[in-house]
**Student:** 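Attaching a single structure in structure tokens format; questions to follow.
When a residue number appears, it is its place in the shown sequence, counting from 1.
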Amino acid sequence: MRRTIGRLAAVCAAVAITASCSLQPSGVGAIVRQMPDEPSDVPAPVLPPPPQPDKPRLAENPTETHQGKNNATVPLTWPSGVSGFLTFDCPKCTGHVAVTTDGTEGLLVNDSDAYHGTAWFNVSPGGKSVHTLTVEAKGSWTATITDYRGVPVVEPGKPYNGHGDAVLAVPPNTTWGKFFTGSKGSNGVWVLVDGYPHLAVNHIGETTGEFPLTGPTYVAVETFEADWTFTAF
């Protein structure tokens, strides 16, 4: 009986010593060095360039004319992806005059009373083509859409005089444009650069602006009921 008690005591003592000497969790992780990646003989894959948006085409297309009175919705037959130039005439209109579209160039006309002007559409690469015009006017009006052949061409070095909104064709071998207006309202001049419209002049009141361009190209003038002069050099 004493031997049994002695053995039990020895076993208990051994268990106690083992428990006290065992490693206890510290809560601190071990730092493991990351082995450097071995050089691979497999070449990295070459990814293709992202697709570029389709640029609108300056294609020939028959002139499209619509006549109406007061507010109207006008479906067009103009082909998708072909740049168009809208001339809107409302000589006896009173009050607000606006022409909006279902395409990327959403607002083509925003004026008041009697109006005559030209604006472009389908000129934004990757944009939504115009298929419908929405006219807001009080009076009889005519909407005429032409292709690039209906746009007046400026002569290099010769000032072109205009009024209100207009689009001009700039011939080759020109590198600079100059714009002047005595308008008391807002004035903007847009230039097509590599197929993208860029705002070259943005000013309120009397404006003189010079900017680089590369002909052949197109320039859109937006002024509020004012005379202006544009010259390409």
Side-chain angles (χ1 to χ4, degrees), residues 56 58 83-101 103-125 127 130 133 135-137 141 143-146 148 150-233:
L58 291 171
S83 296
F85 303 87
L86 167 72
T87 297
F88 189 78
D89 287 289
C90 196
K92 296 183 179 180
C93 278
T94 58
H96 185 225
V97 178
V99 179
T100 58
T101 79
T104 297
E105 294 83 15
L107 182 61
L108 302 186
V109 177
N110 185 25
D111 212 295
S112 62
D113 299 328
Y115 178 84
H116 171 84
T118 301
W120 62 27
F121 65 90
N122 290 356
V123 297
S124 301
V130 173
L133 301 179
V135 177
E136 297 179 24
W141 49 263
T144 305
I145 302 173
T146 66
Y148 67 93
V151 178
V153 181
V154 302
E155 297 182 30
K158 182 178 180 179
Y160 183 96
N161 298 316
H163 179 89
D165 301 337
V167 178
L168 305 174
V170 179
N173 303 320
T174 50
T175 60
W176 203 256
K178 184 176 181 180
F179 174 80
F180 170 78
T181 181
S183 169
K184 296 181 180 180
S186 59
N187 309 293
V189 178
W190 296 81
V191 182
L192 286 183
V193 180
D194 296 328
Y196 290 84
H198 288 260
L199 185 60
V201 175
N202 184 22
H203 191 72
I204 296 177
E206 183 175 319
T207 302
T208 299
E210 297 188 16
F211 47 90
L213 52 77
T214 302
T217 188
Y218 291 84
V219 172
V221 178
E222 299 175 355
T223 62
F224 183 71
E225 301 178 354
D227 296 329
W228 48 264
T229 300
F230 172 78
T231 309
F233 300 93

**Student:** Is Glu210 reaching over with its side chain to a backbone N or O of Gly177, donor-acceptor style, under 3.5 angstrom?
**Tutor:**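 Side chain of Glu210 to backbone of Gly177: no pair is present.
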**Student:** CG of Leu133 to CG of Leu86: how many Å apart, nearest 0.5 Å?
**Tutor:**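 That separation rounds to 6.0 Å.
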**Student:** Are side-chain heavy atoms of Pro156 and Asn173 found at a separation under 4.5 Å?
**Tutor:**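 No, every pair of side-chain atoms sits at 4.5 Å or beyond.
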**Student:** Show me the pairs that pass ring-ring contact (aromatic ring centres under 6.0 Å, His included) and involve residues 151-178, at least two apart or across chains.
**Tutor:**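 Output for this query is empty, none listed.
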**Student:** In terms of ring plane angle, is the pair Phe179 and Trp228 parallel, tilted or perpendicular, where the classes change at 30° and 60°?
**Tutor:**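 Ring orientation, 0 to 90° scale: tilted.
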**Student:** Do other residues, nucleotides or ligands put more than 12 heavy atoms under 6.0 Å from Leu199 CG?
**Tutor:**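 Yes.
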**Student:** Rounded to the nearest 0.5 Å, how far does CZ of Phe88 lie from OH of Tyr115?
**Tutor:**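 Atom-to-atom, Tyr115:OH and Phe88:CZ are 8.5 Å apart.
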**Student:** Find the distance between OG1 (Thr104) and CG (Asn122) and round it off to the nearest 0.5 Å.
**Tutor:**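 Answer for the OG1-CG pair, Thr104 versus Asn122, is 8.0 Å.
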**Student:** Thr208: what forms a side chain to side chain contact (heavy atoms under 4.5 Å, CB included) with it, not counting sequence neighbours?
**Tutor:**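 Thr208: side chain to side chain contact (heavy atoms under 4.5 Å, CB included) contacts with Lys178, Phe180.
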**Student:** Got a donor-acceptor contact below 3.5 angstrom from the Asn187 side chain to the Gly205 backbone?
**Tutor:**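 Flag set: sc Asn187 to bb Gly205 pair under 3.5 Å.
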**Student:** Between CD of Glu136 and CG of Asn110, what distance do you get to the nearest 0.5 Å?
**Tutor:**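 If we round to the nearest 0.5 Å, Glu136:CD and Asn110:CG are 9.0 Å apart.
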**Student:** Side-chain polar contacts of residues 213-225 - donor-acceptor pairs under 3.5 angstrom, sequence neighbours left out - could you list them?
**Tutor:**
{"unit_1": "Thr217", "atom_1": "OG1", "unit_2": "Leu192", "atom_2": "O", "d": "2.5"}
{"unit_1": "Thr223", "atom_1": "OG1", "unit_2": "Gly164", "atom_2": "N", "d": "3.4"}
{"unit_1": "Thr223", "atom_1": "OG1", "unit_2": "Gly164", "atom_2": "O", "d": "3.0"}

**Student:** We want to know whether Asp113 and His96 form a side-chain donor-acceptor pair, criterion being a heavy-atom distance below 3.5 angstrom.
**Tutor:**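 No pair is found: no donor N or O on one side chain lies under 3.5 Å from an acceptor on the other.
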**Student:** Is there a donor-acceptor pair under 3.5 Å between the side chain of Asp89 and the backbone N or O of Ala143?
**Tutor:**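 The answer is no, because no donor-acceptor pair under 3.5 Å joins these two groups.
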**Student:** Just how far is it from atom CH2 of Trp190 to atom CG of Asn202, taken to the nearest 0.5 Å?
**Tutor:**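 Nearest 0.5 Å value for the CH2-CG distance: 8.0 Å.
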**Student:** Taking all atoms of both residues into account, what is the closest heavy-atom pair of Ser124 and Glu105, and its distance?
**Tutor:**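 Smallest interatomic distance, heavy atoms only, reads OG-OE2, 2.7 Å.
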**Student:** Side chains of Leu108 and Thr100: does their closest heavy-atom pair fall under 4.5 Å?
**Tutor:**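 Side-chain contact under 4.5 Å: no.
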**Student:** Could you pull out the closest heavy-atom pair between Ile145 and Gly84, with the gap in Å?
**Tutor:**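 Heavy atoms only, the tightest pair is CG2-CA, 4.4 Å.
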**Student:** Do you know the tightest heavy-atom contact between Thr229 and Pro159?
**Tutor:**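 Scanning both residues completely, I find the closest heavy atoms to be CG2-CB, 3.5 Å.
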**Student:** Using modelled atom types only, decide if a donor and an acceptor are shared between the side chain of Ser183 and the backbone of Thr181 within a distance under 3.5 Å.
**Tutor:**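 Not confirmed, Ser183 side chain does not pair with Thr181 backbone.
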**Student:** Would you call Pro91 and His116 a side-chain contact if the rule is heavy atoms closer than 4.5 Å?
**Tutor:**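 SC-SC contact between Pro91 and His116 ruled out.
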**Student:** Can you tell me how far OG of Ser83 sits from CZ of Phe121, rounded to the nearest 0.5 angstrom?
**Tutor:**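 Rounded to the nearest 0.5 Å, the CZ-OG separation comes out at 8.5 Å.
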**Student:** Where is the tightest heavy-atom contact between Val123 and Pro125, given as atom of each residue plus distance?
**Tutor:**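 For Val123 versus Pro125, the nearest heavy atoms are O-CD, 3.4 Å.
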